[in-house]
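Just so you know, these numbers come straight off a predicted model, no measurement behind them. The figures that follow rest on heavy atoms only: side chains count, while hydrogens, waters and symmetry mates do not.
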Amino acid sequence: MAYPSKFSYLDSKEKWEDILPSDTISIYILSKDTLNTYSWETIRNEYKILKRYDLSLQDLEMLHYEVPYPPLQNMENIKQFPKYE
């Protein structure tokens, strides 16, 4: 579990370029309350997310493989929903 504005470390010996299923990886940020309140079907169908990042390998490299939430200003050109403001 990760918390907003806190650092959570997940490690793998695999290189990102070897494990990405395509040229983009989508990372979804959800509220713990949402997960505790709604079924996965409702979360998916009603798109109850805080943020979705669509990151390319170049985006990950630019972020030094750290994906912050909330997004930082240097992420304004990264594809995300809702859009960076």
Side-chain angles (χ1 to χ4, degrees):
M1 178 172 303
Y3 297 94
S5 302
K6 301 287 184 193
F7 184 80
S8 295
Y9 183 77
L10 302 173
D11 190 18
S12 173
K13 302 291 184 219
E14 303 290 328
K15 293 181 180 180
W16 280 99
E17 56 268 21
D18 293 340
I19 62 171
L20 282 178
S22 65
D23 63 346
T24 303
I25 185 170
S26 295
I27 297 177
Y28 294 83
I29 310 295
L30 297 99
S31 164
K32 181 179 176 183
D33 290 339
T34 297
L35 291 171
N36 289 335
T37 303
Y38 301 100
S39 69
W40 184 245
E41 183 178 350
T42 300
I43 293 169
R44 189 182 64 231
N45 291 340
E46 296 180 16
Y47 212 63
K48 292 185 173 292
I49 66 165
L50 296 172
K51 180 67 80 174
R52 183 189 81 220
Y53 299 120
D54 293 332
L55 302 165
S56 67
L57 183 57
Q58 291 78 22
D59 294 331
L60 288 167
E61 289 170 350
M62 186 270 300
L63 293 169
H64 305 286
Y65 300 93
E66 295 178 6
V67 183
Y69 180 80
L72 303 174
Q73 186 173 5
N74 69 338
M75 297 174 69
E76 63 188 347
N77 294 322
I78 290 177
K79 197 181 223 183
Q80 51 190 287
F81 176 84
K83 287 187 174 190
Y84 179 84
E85 292 184 24

Practice problem: Check the pair Ile78, Met62 against side chain to side chain contact (heavy atoms under 4.5 Å, CB included), reporting the backbone distance first and the verdict last. | Solution: CA-CA 10 Å; Ile78 290 177; Met62 186 270 300; 3.6 Å; yes

Exercise. Look up atom NZ in Lys79 and atom CZ in Arg52, then write down how far apart they are to the nearest 0.5 Å.
Key: 7.5 Å

Quiz prompt | For the student: nearest non-hydrogen atoms of Met75 and Leu63, plus distance | solution = CG-CD2, 3.7 Å

Quiz item: So how far is it from Leu55 CG to Ile27 CD1, rounded to the nearest 0.5 Å?
Solution: 5.0 Å

Quiz item: Would Tyr28 and Tyr47 count as a side chain to side chain contact (heavy atoms under 4.5 Å, CB included) if you check the C-alpha gap in whole Å, the side-chain angles of each, and the deciding distance to 0.1 Å?
Solution: CA-CA 10 Å; Tyr28 294 83; Tyr47 212 63; 3.6 Å; yes

Self-check item: Spatial distance of atom CD1 (Ile49) from atom CZ (Arg44) [nearest 0.5 Å]
Solution: 13.5 Å

Quiz item: Going only through I, L, V, M, F, W and Y residues with side-chain contacts under 4.5 Å, is there a path from Tyr84 to Ile25?
Solution: no

Quiz item: Taking a hydrophobic cluster as the set of Ile, Leu, Val, Met, Phe, Trp and Tyr residues connected by side-chain heavy atoms closer than 4.5 Å, whether directly or through intermediates, do Val67 and Phe81 fall within one such cluster?
Solution: no

Quiz item: Where do Leu57 and Tyr65 land on the side chain to side chain contact (heavy atoms under 4.5 Å, CB included) test, with the steps shown first?
Solution: CA-CA 9 Å; Leu57 183 57; Tyr65 300 93; 4.0 Å; yes

Practice problem: Could you tell me which non-hydrogen atom of Pro71 sits nearest to which non-hydrogen atom of Lys51, and how far apart they are? | Solution: CG-CE, 3.9 Å

Quiz prompt | Closest non-hydrogen atom pair, Asp59 against Asp54 | solution = OD2-O, 3.8 Å

Quiz item: Do you know the tightest heavy-atom contact between Ser31 and Leu50?
Solution: N-CD1, 3.8 Å

